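Values below: all heavy atoms of this structure, side chains included; hydrogens, waters and symmetry mates excluded. Order of the sequence lines sets the chain letters (A, B, ...), proteins ahead of strands, with each chain counted from 1. Owing to the predicted nature of the structure, the values given are computational and were not obtained by experimental measurement.
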2 protein chains.
Amino acid sequence: MTGPTEEQPDRARRRASRNGPAKPTIADVAALAGVSVSAVSKVVNGRDGISPPTRQRVLDAAAKLGWAPSATAVALRGARTRAIGMVAGRSPDVLATDPHFTLLISGIERELAPADHGLLLHIVGEEPGAEERAYRRLAEERRVDGVILTESRVGDLRFDLLRRLRLPAVLVGAPWRDDPVVAVRAADQDAGVRAAVAHLHGLGHRRISYVSGPQDRVHTVFRRRVFAEAMAEHGLRPGRTLISDFTAQGAVAAMRELLAADAGERPTAVLFANDTMAVAGMNAARRLGFDVPRDLSVIGYDDLPLGELVYPSLTTIGQDLVQLGRAAAAAMFGLLSVPHATGPVPVRPPRLIPRESTGPAPV
Amino acid sequence: MTGPTEEQPDRARRRASRNGPAKPTIADVAALAGVSVSAVSKVVNGRDGISPPTRQRVLDAAAKLGWAPSATAVALRGARTRAIGMVAGRSPDVLATDPHFTLLISGIERELAPADHGLLLHIVGEEPGAEERAYRRLAEERRVDGVILTESRVGDLRFDLLRRLRLPAVLVGAPWRDDPVVAVRAADQDAGVRAAVAHLHGLGHRRISYVSGPQDRVHTVFRRRVFAEAMAEHGLRPGRTLISDFTAQGAVAAMRELLAADAGERPTAVLFANDTMAVAGMNAARRLGFDVPRDLSVIGYDDLPLGELVYPSLTTIGQDLVQLGRAAAAAMFGLLSVPHATGPVPVRPPRLIPRESTGPAPV
DNA sequence: TTGAAAGCGCTAACAG
DNA sequence: CTGTTAGCGCTTTCAA
């Protein structure tokens with residue numbers, strides 16, 4: 001006789017089932033160490049009031065069982081899920097051409113991982129409402145402690161939604177007017193576009209065009225304004241500005257339109273809102289018989305590795321997306337009062353990276 | 001007097017605190033609807049035994065409060081987190097050049113989202129042990145119901161680890177020998193490389209080289225074998241094979257080495273293990289004075305959008321990464337017995353996509 | 001220095 | 001048809 005059956009704890013009985021060993025719980029660790037569950041809890045949480053020998057026995061038992069506190073149970077107890085949400089409203093196709101998101105995510109992870117937080121990602125496509133639904137679910141189901149947003153729009157509805165949902169939020173990039181949200185961005189956002197215009201002006205370019213992103217994006221509006229200002233500062237007529245999407249096809253169409261003009265009107269340099277469009281535009285120009293940079297200079301935005309791979313290599317405006325992601329995560333931790341190693345993360349201003357796709361203006 | 005203070009429920013008292021309204025719970029919904037909590041539970045879970053009017057009252061109350069069952073509580077109760085984990089062991093830099101992961105993730109999400117599952121992503125860099133630690137934490141903390149793996153290695157340790165951790169796993173790609181894991185992959189994996197060799201042979205190429213990925217990757221080993229077989233089938237000497245990493249720099253170095261040979265030995269066509277390397281290699285060749293495709297034909301792998309952007313556009317072997325991701329998620333649902341709309345997802349074999357970077361062999 | 005016990009929000013038996 | 005209640009695994013008072 002080893003004892004009355006009804007004394008056998010539930011766990012042990014379950015463990016004997018044909019499913020093999022169940023996942024260990026704090027009770028198993030306590031039993032193995034010969035202590036109470038609260039002792040185990042105190043040990044793993046670094047609370048004091050535990051003698052070194054007891055502590056060691058608990059640690060050994062936990063290691064032997066391969067046990068760590070269940071994130072779920074901890075979350076239920078303390079209302080902290082230790083997960084941050086992010087919703088990307090982009091089609092796989094755009095996502096594939098443009099590592100913008102991927103870089104941001106890398107940066108975010110760099111901060112989250114050491115603090116033992118996870119990133120819950122939702123990629124939802126661009127159907128209207130999909131993004132909002134994703135945030136709503138994240139909030140209502142309390143799956144995450146907060147969310148990181150990107151690509152603020154003019155008249156963005158997400159901030160209000162999130163505030164109603166009481167979900168802490170951090171925006172990567174500039175908010176529109178005074179949207180009530182914590183935003184992280186580079187110091188001196190405008191430096192890149194200004195430097196690009198100055199660079200082209202110095203090369204003798206006078207007719208410079210700008211191919212922007214969709215106009216509901218806040219950064220589109222801001223950058224176009226900066227572009228216009230910079231042109232004026234150099235005493236140039238505001239160049240022609242085309243509104244495009246972020247796709248390669250859009251860039252090709254824009255390039256065709258710009259190059260269709262008479263020689264005297266045709267731009268000798270074009271700024272694109274991202275590198276993908278710039279590369280696509282560059283090739284479109286070449287297929288139309290224009291040599292880059294001899295007949296036409298091209299500048300991108302983001303400094304993706306792509307720009308170094310192509311021929312001619314792409315002059316571009318670099319922004320440190322990884323760092324921006326880190327900053328966003330750090331800001332989130334601030335909002336949540338989560339202690340974390342890194343303090344506030346500085347983000348350098350965007351800067352011009354001259355390569356082969358820009359050259360002297362044609363005479 | 002509205003009643004004795006000690007009768008006031010906890011919730012209501014908390015709600016009155018300065019923090020504003022607390023997140024509603026099932027009890028709040030029940031109270032508002034004037035029913036019991038179990039009635040609410042039954043309604044949201046579609047159980048029967050609830051009269052239509054009651055049901056409606058509950059639904060209204062839930063909507064009014066913006067309530068949905070707490071994912072945490074549900075998980076604790078049922079041991080299902082409704083989240084799938086994925087660990088990407090890649091540096092941000094590689095991630096940025098190569099949307100391989102991004103596309104996979106898009107596909108995974110496409111399946112997960114409709115089934116109301118989340119994707120918990122960990123990007124860990126390539127330090128040894130980092131990946132394993134990430135999986136271990138995912139498992140020990142029971143944050144996810146299962147994990148999706150990519151890039152199986154020769155002698156991969158992760159499968160054993162995950163089995164010990166009792167975490168269901170699905171591998172994207174071919175396992176090495178008979179690693180005990182559910183794997184999803186395209187029908188006829190080898191079709192792409194075979195088609196590429198046939199294509200080049202048809203264009204008159206006789207000296208064809210292959211620049212592979214790191215040799216601990218299973219697909220590297222398999223594809224090299226297929227390459228050798230295909231060459232033999234066409235009566236060609238096995239071309240020179242170089243082992244590289246997946247980076248642009250690696251490709252440039254490989255290209256330099258291949259083109260340094262005497263004209264009689266120099267390959268007239270090169271197959272690369274991914275598109276990034278192919279594009280980088282193509283440009284390296286051009287900088288060395290070789291025209292593509294006149295002097296040298298180049299073929300990539302993956303069919304990333306990048307291939308269409310560059311000039312000349314890249315002939316490549318396309319595999320449907322989004323579909324592979326979907327298949328992996330579907331397989332995971334199978335493993336977890338989660339009912340989901342999509343049945344098993346078929347993945348088409350890799351196929352050759354001829355573009356401008358391949359042409360007749362130089363005479 | 002240790003342990004017992006009360007919940008966190010939810011679901012599923014079981015009773016009415 | 002509807003309500004009561006016992007946990008899921010954990011942390012945290014409060015007592016011993």
Euclidean distance, atom CZ of residue R80(A) to atom P of dG9(D) [Å, nearest integer]: 24 Å
Measure from CD1 on I26(A) to C1' on dA6(C) and round the result to the nearest Å. 15 Å
Are OP1 or OP2 of dT1(C) and a side-chain N or O of T54(A) less than 4.0 angstrom apart? no
Whole-Å gap separating C1' (dT1(C)) and CD (Q56(A)): 17 Å
Report yes if the side chains of L32(B) and D28(B) come closer than 4.5 Å at any heavy-atom pair, otherwise no. no
So, are R163(B) and D160(B) salt-bridged, with charged N and O less than 4.0 Å apart? yes
Picking from dG7(C), dT4(D), dG9(D), which would you name as closest to the side chain of S36(B)? dT4(D)
Could you check whether E131(A) pairs with R90(A) (Lys NZ or Arg NE/NH1/NH2 to Asp/Glu carboxylate O, under 4.0 Å)? no
Donor-acceptor pair (no angle test) under 3.5 Å: K23(B) side chain, dG9(C) base: no
Between dC10(C) (C1') and L65(B) (CG): distance, integer Å: 16 Å
By the 4.0 Å heavy-atom rule, please label S41(A) as base, sugar-phosphate, or nothing. base
Separation of atom CG in D48(B) from atom P in dA13(C), rounded to whole Å: 13 Å
Is T25(B) near enough to dG9(C) that one of its side-chain N or O atoms lies under 4.0 angstrom from OP1 or OP2? no
Of the options dG3(D), dC10(D), dT11(C), whose atoms approach the side-chain atoms of A73(A) most closely? dC10(D)
Between S41(A) and S38(A), do the side chains contain an N or O donor and an N or O acceptor separated by less than 3.5 Å? no
Please pick, from dT11(D), dT2(C), dC10(C), the nucleotide with the shortest atom-to-atom distance to any side-chain atom of I50(A). dT2(C)
Between R142(B) and S51(B), name the one whose nearest nucleotide on DNA chain D is closer to the 5' end. S51(B)
In this structure, how many angstroms lie between the P atom of dG3(D) and the NZ atom of K42(B), rounded? 9 Å
D145(A)/R82(A) ion pair, N-O < 4.0 Å: no
Tell me the interatomic distance from R77(B), atom CZ, to dG9(D), atom P, rounded to whole angstroms. 10 Å
Candidate nucleotides dC10(C), dA5(C), dG9(C), ranked by approach to the side chain of P69(B) - the nearest: dC10(C)
Any S70(A) side-chain N or O less than 4.0 Å from OP1/OP2 of dG9(D): no
What does V40(B) touch in the nucleic acid at a heavy-atom separation under 4.0 angstrom: a base, only the sugar-phosphate, or nothing? nothing
With sugar-phosphate meaning primed atoms plus P, OP1 and OP2, does R47(B) contact a base, only sugar-phosphate, or nothing at under 4.0 Å between heavy atoms? sugar-phosphate
Please confirm whether H117(B) and F333(B) have ring centers closer than 6.0 angstrom. yes
Please report, rounded to the nearest Å, how far the P atom of dG9(C) is from the CD atom of E141(A). 16 Å
Which part of the nucleic acid, if any, lies within contact of T72(A), taking any heavy atom under 4.0 Å across all strands shown: a base, the sugar-phosphate backbone alone, or nothing? nothing
Let's see if you can work this out: which of dC8(D), dG3(C), dC14(C) has an atom nearest to the side-chain heavy atoms of V35(A)? dG3(C)
Taking dT11(C), dT11(D), dT1(C) as options, the one with an atom nearest any side-chain atom of N45(B) is dT11(C)
So what does S38(B) hit on the nucleic acid, given a heavy-atom distance under 4.0 Å: a base, only sugar-phosphate, or nothing? base
